[in-house]
2 protein chains.
Amino acid sequence: MFSHTVEYALRAVAALAEDWERPHAVQKIAERTKMPNDYLAKVMQALCRAGVVNAIRGRHGGYQLAQAPNQLSLLTVINAVDPIKRIDRCPLGLPGHGPNLCPLHRRLDDSIRETENTFRYTTLAELLESTGPVRPLCPVDEPPALFHVAT
Amino acid sequence: MFSHTVEYALRAVAALAEDWERPHAVQKIAERTKMPNDYLAKVMQALCRAGVVNAIRGRHGGYQLAQAPNQLSLLTVINAVDPIKRIDRCPLGLPGHGPNLCPLHRRLDDSIRETENTFRYTTLAELLESTGPVRPLCPVDEPPALFHVAT
DNA sequence: TTTCTATCGGACATTTTTGTCCATCTTCTT
DNA sequence: AAGAAGATGGACAAAAATGTCCGATAGAAA
């Protein structure tokens, strides 16, 4: 239901959010989130163009969230890489009834709208305020264990 | 969010439902629902293998719903051609926490589950009991206008 | 039995998505 | 100044989704 690219983008920002005021190299994020390095690079470029993250080039550079995690909705991230498309007119191209959808497409769009709203009102910060037994990006053995913080 | 194939499958069964106790040829369904004839043929084969429709071969044959429209949920149709995949374990492959999802994947799966349930409890018949201004498969000019019924 | 009209299913073409590789540019550190 | 670390972007490869074509097969009607 969600594309692979969306998954990757969400994992990436979730990883960034753990320590969001510093840049993190693509390679680090890729290790942390277990996804293909070079594909992530493309995803990060898309997030950058959409203004979700900032790129810092050169040594000790990387990507960094553009806003605080409590200001960033999951929908923004999703739409940055693979926009959720609402059904705003009859896909059959039937003329004459502008925004009126038939019952079938009405239901489909209702469902899409629900999904959209779910993620519109979920912020990245909420993901981190985990109370359950499993931490944000799934490491269950290790303790808090963000990135490897320089010591 | 929904694949093209799902759209097609839903349109097709919606078309069949209008007159569900007779077989309808792929070509007729394709015209009615404005989709590529030969691709629909593949979709119908999938629906047939899944038991959603029956195929009647030979002259005056076609496809026909296997059950009454009020017995057929949209989820059944969707799953027949492009199954909705729940997230039942950590996509990162992190070991050690079986069905426990991290907050990110928990939210994603919650959303998928919501969608699943929406369509699980919507039957094809409900789509036809339209009270709004637009009829099931969008023809707004023509009156009831099912298929071209033999006269 | 012949013919007509359907589905069936394999092969193939196109497009989109996903994934990989590498040369280049930028910035920091030494 | 030189080297190291990192983003950038183009080119390409592989896989999946979508779309097209056509011969084979089955059943009903003539």
Side-chain angles (χ1 to χ4, degrees), chain A residues 1-12 15-16 22-66 78 80-85 91 147-148 150, chain B residues 1-12 15-16 22-66 78 80-85 91 147-148 150:
Chain A
M1 198 164 101
F2 299 102
S3 73
H4 231 170
T5 302
V6 162
E7 247 274 338
Y8 289 160
L10 289 171
R11 282 193 214 174
L16 287 182
R22 286 193 293 178
H24 299 276
V26 164
Q27 195 182 332
K28 298 292 184 190
I29 305 172
E31 287 167 7
R32 181 82 178 75
T33 58
K34 300 215 190 324
M35 57 174 131
N37 198 302
D38 290 321
Y39 192 66
L40 174 60
K42 301 297 185 190
V43 174
M44 295 312 293
Q45 284 179 38
L47 290 175
C48 188
R49 279 191 293 272
V52 170
V53 300
N54 293 324
I56 290 96
R57 298 177 66 153
R59 204 172 176 183
H60 295 164
Y63 289 97
Q64 170 181 1
L65 288 188
I78 293 172
V81 295
D82 194 359
I84 290 182
K85 285 189 285 285
F147 288 91
H148 278 293
Chain B
M1 198 164 102
F2 299 102
S3 72
H4 232 168
T5 302
V6 161
E7 247 272 340
Y8 288 160
L10 289 171
R11 283 193 212 175
L16 286 182
R22 286 193 293 177
H24 298 276
V26 164
Q27 195 182 332
K28 297 292 184 190
I29 305 172
E31 287 168 8
R32 179 82 177 75
T33 57
K34 301 216 188 325
M35 57 175 132
N37 198 301
D38 290 322
Y39 192 66
L40 174 60
K42 301 297 187 192
V43 174
M44 294 312 293
Q45 283 180 37
L47 290 175
C48 187
R49 279 191 293 272
V52 171
V53 300
N54 293 325
I56 290 98
R57 298 178 65 154
R59 203 170 177 184
H60 295 165
Y63 289 97
Q64 169 180 1
L65 288 187
I78 292 171
V81 295
D82 194 358
I84 290 181
K85 286 190 285 288
F147 289 90
H148 279 293

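Just so we're on the same page: letters track the sequence lines, and every chain starts at 1.
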Which of residues 50-66 of chain A sit near DNA chain D, with a heavy atom under 4.0 Å from it? A:A55, A:I56, A:R57, A:G58, A:R59, A:G61, A:G62, A:Y63

Value rounded to 0.5 Å, distance of [atom1] in [X] from [atom2] in [Y]:
X     : Y     : atom1 : atom2 : value
B:I29 : B:Y8  : CD1   : OH    : 14.5 Å
A:N54 : A:L47 : CG    : CG    : 11.5 Å
A:T5  : A:L10 : OG1   : CG    : 11.0 Å
B:L40 : B:Q45 : CG    : CD    : 10.0 Å

Find out whether B:F2 and A:K85 are in side-chain contact, i.e. whether some heavy atom of one side chain is under 4.5 Å from a heavy atom of the other.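 Counting from C-beta outward, B:F2 and A:K85 never come under 4.5 Å.
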
If I compare all heavy atoms of A:A66 with all of A:G51, which pair ends up nearest, and what's the gap?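 The answer is CB-O, 3.3 Å.
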
Which atoms form the tightest heavy-atom contact between A:A15 and A:R32, and what is the distance? CB-CG, 4.1 Å

Given B:R22, B:K28, B:R11, B:M44, the one that forms side-chain contact (heavy atoms from CB on, under 4.5 Å) with B:L16: B:M44

Would you check if there is a donor-acceptor pair between the side chains of A:S3 and A:D82 at a distance under 3.5 Å?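 Result is yes, a qualifying pair exists.
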
Does a sphere of radius 6.0 Å around CD in B:E31 hold more than 12 heavy atoms from other residues, nucleotides or ligands, not counting ones at 6.0 Å or beyond? yes

Walking DNA chain C from its 5' end, the first of B:Q45 and A:H4 to be reached, judged by nearest nucleotide, is B:Q45

For DNA chain D, which nucleotides open and close the run of contacts to chain B, 5' to 3', at under 4.0 angstrom from a non-hydrogen atom?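 Contacts span D:dT18 to D:dA29, reading 5' to 3'.
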
Nucleotide range of DNA chain C contacted by chain B, 5' to 3', under 4.0 Å to a heavy atom? C:dC4 to C:dA11

